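Beneath this line is the structure, given in structure tokens, with notes to follow.
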2 protein chains.
Amino acid sequence: MKLSSRTRYGMRAMLELALEYGKKPLQIKSIADREDISNKYLEQLIAMLKSSGLVRSVRGPRGGYMLARPPQDILLKDIFVTLEGPILPVECLQHAEYSPHCTDCATRQIWDEIQGAIMGVLQSRTLKDLVDKTGQSRESKNYQI
Amino acid sequence: MKLSSRTRYGMRAMLELALEYGKKPLQIKSIADREDISNKYLEQLIAMLKSSGLVRSVRGPRGGYMLARPPQDILLKDIFVTLEGPILPVECLQHAEYSPHCTDCATRQIWDEIQGAIMGVLQSRTLKDLVDKTGQSRESKNYQI
DNA sequence: AACTATACTACTATAATACTGGGAATACAG
DNA sequence: CTGTATTCCCAGTATTATAGTAGTATAGTT
């Protein structure tokens, strides 16, 4: 039940993109430098976020990545499920439906509740919320040329 | 963020012990057979639960394992943290305290909230709750000799 | 003494994660 | 139209955690 680096990195990368939203595209290299993440690894994470439609890209010089939608329209849940996937791999192997005397079914209800609780947190927050937390001290700086 | 088999197995094993609470000790073999878990693997999981004080053991013939406390006194959280450990491995590497313009700090707040949400579910339930779900159809059967 | 169970320790297999590297494709600048 | 900056794509590797196996020691019962 540990949170993967994939998701931790990806969330921070998305926050970087959100902080720069509306400006010029951000390059992998910039994000990787700022967040101290391996260049090539981040590239793959962003590819996942791109194929799930959260990020757009521009190729060539002065290209880079940007959010596909404004930060307030991107739920943290969107990012999380893209990178982390579901918590439980499969259904109860023995029963398609709930069976009262199956311990697997009984415990599975708990795991479902937990999944629901996690999603509850992630659905109530957007990237904008993170930007608001991080933003003010960043606005003074200027990362452009 | 996947739930490990360790925890899924362990939770079901604890439920088996809870279903038998007050009766004779349950052997590893019985639990493993009922839950279709590898004998030797389960042995190790129970060892963890024992060293965290949730389970007691009796050696020798007619020995086995039993809950150290009644099911209503064992929070699912107790079982979970024993087997699964914390969600986040370490603190923010850069700051001992919260720093507003650190993306790591901002996202970490979210992870903390998620951890809190999970614990909320697991602290509001005891093994007794699972027994009540599972119990009635089990009471008719007799697993003793 | 013989038997039945836990207790302990070490080993192995598998899978997932976290990277690393090389080159192809694309677009812009001059 | 050439060079260069960037994304894109694919393949490989290292490390770690999980899941499972094996063997033997130890304690308690009969």
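Quick note on labels: first sequence line is chain A, next is B, and so on, each numbered from 1. Values reported hereafter were calculated over all heavy atoms of this structure, with side chains retained and with hydrogens, waters and symmetry mates removed. Predicted model only: the values in this text are computed from it and were never measured.
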Legend entry - Sequence-distant partners of B/D129, salt bridge (Lys or Arg N to Asp or Glu O under 4.0 Å), two or more places apart: none
Legend entry - Terminal contacting nucleotides, 5' and 3', DNA chain D versus chain B (heavy atom, 4.0 Å): D/dT18 to D/dT29
Legend entry - For A/K40, all residues meeting side-chain hydrogen bond (donor to acceptor under 3.5 Å, both in side chains), sequence neighbours excluded: none
Legend entry - Partners meeting side chain to side chain contact (heavy atoms under 4.5 Å, CB included) with B/Y21 (sequence neighbours left out): B/L67, B/P70, B/P71
Inset, instruction - Sequence neighbours left out, what passes side-chain hydrogen bond (donor to acceptor under 3.5 Å, both in side chains) with A/R125? Give chain and number order. - result: B/E113
Legend entry - Protein-to-nucleotide contact annotation, 5' to 3' order, nucleotides 14-30 of chain C [B base; S sugar-phosphate only; - none; under 4.0 Å, heavy atom]: ---SBBBBBB-BBBB--
Inset, instruction - Quick one: label A/I28 by what it contacts on the DNA or RNA (base, sugar-phosphate, nothing), any heavy atom closer than 4.0 Å. - result: sugar-phosphate
Legend entry - Contacts of type side chain to side chain contact (heavy atoms under 4.5 Å, CB included), residue A/S124, not counting sequence neighbours: none
Legend entry - side chain to side chain contact (heavy atoms under 4.5 Å, CB included) partners for B/E84, two or more places apart: A/M1, B/L3, B/S4, B/T7, B/F80
Inset, instruction - Could you tell me which residues satisfy side chain to side chain contact (heavy atoms under 4.5 Å, CB included) with B/D33, sequence neighbours excluded, listed by chain and number? - result: B/K29
Inset, instruction - Send over the distance from B/K24 NZ to C/dA5 P, rounded to a whole Å. - result: 14 Å
Inset, instruction - Answer with yes or no whether the side chains of B/E16 and A/T103 bring together a donor and an acceptor at under 3.5 Å. - result: no
